[in-house]
Asks: 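Quick one: this structure, given as structure tokens, is what I'll be asking you about.
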Amino acid sequence: MLDLKLIREETEKVQTALLKRMSPEDLDLQKIINLDNQRRSLLLVLEEKKGERNRSSKAKPTEEIIIKMKVLGEEIKTEEDELNKVELELKEAISALPNLPADDVLSGGKENNQAIYTFGEKPSFDFTPKDHVELATDLGLIDYPRAAKMSGAGFWIYKGAGAQLEWALLNYFTEHHNQRNYRFILPPYLLNESSAYASGHLPKFREDLFWTEDGLCLNATSEMMLNNYHRDEILPTEELPLKYYAYSACFRREAGSYRKEERGMIRGHQFNKMEMFQFTKPEDSWLAFEEILTSAKEMIEGLGLHFQISKLAAGDCSSAMAKTVDLEVWIPSMEIYKEVSSVSNALDYQARRSNIRFKNSNGKNEFVHTLNGSGLATSRLFPAILEQFQTSEGTVKVPVALRKYLPEDLWELKKK
RNA sequence: GGAGAGAUGGCUGAGUGGUCGAAAGCGCCGCACUCGAAAUGCGGUAUACCAGCAAUGGUAUCCAGGGUUCAAAUCCCUGUCUCUCCGCCA
């Protein structure tokens, strides 16, 4: 949520920034200001009347005053209803506004995304490379048919060496984050509706979430959980920045997505992901952004995978974010870079919605800044490892960084 | 799943319809005393919004949302959470 004061006081600036990610016909700041003016004038009258009622209720009233207050009470009720209506409308209008893109974020949509960094090179094969589905099946790492039997399309089962490789990745991440003093969180996988609103995933992603009969939804990214972790709290200033990382399985309906082009485990209903999250003082958040980005980058580089970093254009960032950078790993069979991590700074946009504050140097409560970055999602790394590190014999050489988590006979994955 | 108890300021805890934004204690901050500290004494100590240049004033907030009443921390309803007992438990 944007600051209403900012909208009122720096309307031009807000307008210009928002136009980087919105079309002019969707943007009407004057409507918001008008609603707020309406709200203020209603408040003025209403509070005066309430004040009068309070003064008359300090002691036992006379019969005459009771009659007067009865009438006043009716008026208050009517005006309160009116105020509530205006406030609701105002809240909806302001909640619909996305965050202000950071200054260095380009306007427009996906087409304006910009590759800003590349690591390694596209592997070239002097044989016909297999895709990851073929490799995973041949090497007995993943069982697709049984997963389909048990749960339907869009699921897979890690088995044997495949499960161990997946687990090794998670161990690799854990160790990486622990070394950087992030606190490990294992959150619940189900969360209630109000949390999904607070994290900003509702109402927008209602169709993309799985829902239980109890009205809970399955975690789609632990960003949802970490966002809510400190909801309605005033964080101890001396503990900032607070750094967390969480592991959870993530569940997404991915309704209407492109199964055909995204075979195997590129896009499924359930995948494993670790998430980094920071709560910082406002002045520290861009530094934290770089730190998270570097951390994610180092993890992929440590695996030796070819990947690139893209700075997303304003319209391609999710709406809560001032800036988002994607780390995308090369999938040879698809000839495309696929996101394995998304690093974002929400500034105070999420904190305002979740009401997470700290005491600033003036002793005033101020909203913190929140940042998050995947660290990392395995479901694209796994295919990338299989495809990028396959050999002409049909085996896969496991990245050195993962070998300490695996028995020696799995350092090269071979057909059994 | 059934029965019961509870939720009050940073904390403990009083308050069962009006003078209660809320006693008391603790904590914290300031001042006094002291060479300094402790102890003691005095004063202060929530948040949000609105009006105002400001001083200040107003409104709301006693888990949340509704309701009753001229008036609600207090009465009624619903929900959430916590605790106790019983049942169930792949």
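Chain A is the first sequence line, chain B the second, and so forth, proteins listed ahead of strands; every chain is numbered from 1. Here the structure is a predicted model, which is why all the values come from computation and not from measurement.
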Asks: I need the CD-C1' distance between Glu74(A) and U69(B), as an integer number of Å.
Replies: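 In whole Å, U69(B) C1' and Glu74(A) CD are 12 Å from each other.
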Asks: Please step through salt bridge (Lys or Arg N to Asp or Glu O under 4.0 Å) for the pair Glu193(A) and Arg206(A), ending with a clear verdict.
Replies: CA-CA 10 Å; Glu193(A) 217 173 309; Arg206(A) 182 174 292 279; 3.0 Å; yes
Asks: What is the distance from NZ of Lys58(A) to P of G18(B), rounded to the nearest Å?
Replies: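 Going from NZ in Lys58(A) over to P in G18(B) covers 13 Å.
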Asks: With both distances under 3.5 angstrom, what nucleotide forms a Watson-Crick or G-U wobble pair with G36(B)?
Replies: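 Across all strands, not a single nucleotide pairs with G36(B).
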Asks: Measure CZ/Phe367(A) against P/U47(B) and give the value in whole Å, please.
Replies: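 Answer to the nearest Å: 14 Å.
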Asks: Would Lys49(A) and Glu80(A) pass as an ion pair if we require N to O under 4.0 Å?
Replies: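 Salt bridge flag = no for Glu80(A) with Lys49(A).
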Asks: Could you state the CD1-P distance from Ile76(A) to C70(B), rounded to the nearest angstrom?
Replies: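 Rounded to the whole Å, the gap is 13 Å.
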Asks: Could you please name the partner base of G21(B), counting Watson-Crick and G-U wobble pairs only when both distances are under 3.5 Å?
Replies: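 Here G21(B) is not engaged in any pair, so there is no nucleotide opposite it.
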Asks: Could you give the CG-to-P distance, from Leu83(A) to A48(B), as a whole number of Å?
Replies: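 Rounded to whole Å, this separation is 19 Å.
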Asks: Charged N to carboxylate O below 4.0 Å: is that the case for Lys243(A) and Glu291(A)?
Replies: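 Salt bridge present between Lys243(A) and Glu291(A).
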Asks: Return the value, rounded to whole Å, for the distance between atom NZ of Lys50(A) and atom C1' of A72(B).
Replies: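 Lys50(A) atom NZ is separated from A72(B) atom C1' by 14 Å.
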Asks: Can you tell me the Watson-Crick or wobble partner of C62(B), both distances under 3.5 angstrom?
Replies: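 Per the H-bond distance test, none.
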Asks: Please table the atom pairs, donor to acceptor, closer than 3.5 Å between any side-chain atom in residues 311-323 of chain A and protein atoms at least two apart or in another chain.
Replies:
unit_1    : atom_1 : unit_2    : atom_2 : d
Lys311(A) : NZ     : Asp104(A) : O      : 2.8
Asp316(A) : OD2    : Asn113(A) : ND2    : 2.9
Lys323(A) : NZ     : Asp104(A) : OD2    : 2.7

Asks: Checking all strands, does Gly73(A) fall into the base, sugar-phosphate, or nothing category for heavy-atom contacts under 4.0 angstrom?
Replies: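 Answer is nothing: Gly73(A) stays at 4.0 Å or more from every strand.
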Asks: OP1 or OP2 of G18(B) sitting under 4.0 Å from any side-chain N/O of Lys60(A)?
Replies: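 Checking Lys60(A) against G18(B): no side-chain N or O falls below 4.0 Å of OP1 or OP2.
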Asks: Less than 4.0 angstrom from a charged side-chain N to a carboxylate O is my criterion; do Asp81(A) and Lys85(A) meet it?
Replies: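 No salt bridge links Asp81(A) with Lys85(A).
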Asks: G58(B) P sits how many Å from Arg53(A) CZ, rounded?
Replies: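 Taking CZ of Arg53(A) and P of G58(B), I get 16 Å after rounding.
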Asks: Under 4.0 Å between a side-chain N or O of Asn54(A) and OP1 or OP2 of G58(B)?
Replies: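 Answer is no, no contact under 4.0 Å.
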Asks: Pairs under 3.5 angstrom, nitrogen or oxygen only, protein versus nucleotides 49-57 of chain B, please.
Replies:
unit_1 : atom_1 : unit_2   : atom_2 : d
C49(B) : O3'    : Arg39(A) : NH2    : 3.4
C49(B) : O2'    : Arg39(A) : NH2    : 3.4
C50(B) : OP1    : Arg40(A) : NH2    : 3.1
A51(B) : OP1    : Arg40(A) : NH1    : 3.4
A51(B) : OP2    : Arg40(A) : NH1    : 3.4

Asks: Would you confirm whether Thr11(A), through its side chain, and Arg8(A), through its main-chain N or O, come within 3.5 Å as a donor-acceptor pair?
Replies: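 Yes; judged by distance alone, with no hydrogens or angles, the pair exists.
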Asks: Has Lys77(A) got a side-chain N or O lying under 4.0 Å from the OP1 or OP2 atom of G67(B)?
Replies: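 Checking G67(B) against Lys77(A), a side-chain N or O does come within under 4.0 Å of OP1 or OP2.
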Asks: Is the shortest side-chain N to carboxylate O distance from Glu290(A) to Lys297(A) below 4.0 Å?
Replies: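 Here Glu290(A) does not pair with Lys297(A) in a salt bridge, since their nearest N and O are not under 4.0 Å apart.
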Asks: Checking base pairs now: Watson-Crick or wobble, both atom distances under 3.5 Å. What partners A54(B)?
Replies: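 Base-paired to nothing in any strand shown.
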Asks: Base, sugar-phosphate alone, or nothing: which one does Asn365(A) contact when heavy atoms must sit under 4.0 Å apart?
Replies: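 If one applies the 4.0 Å heavy-atom cut-off, Asn365(A) turns out to touch the sugar-phosphate alone, with no base involved.
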Asks: Over how many whole Å does the gap from Ile66(A) atom CD1 to G18(B) atom C1' extend?
Replies: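 In whole Å, G18(B) C1' lies 11 Å from Ile66(A) CD1.
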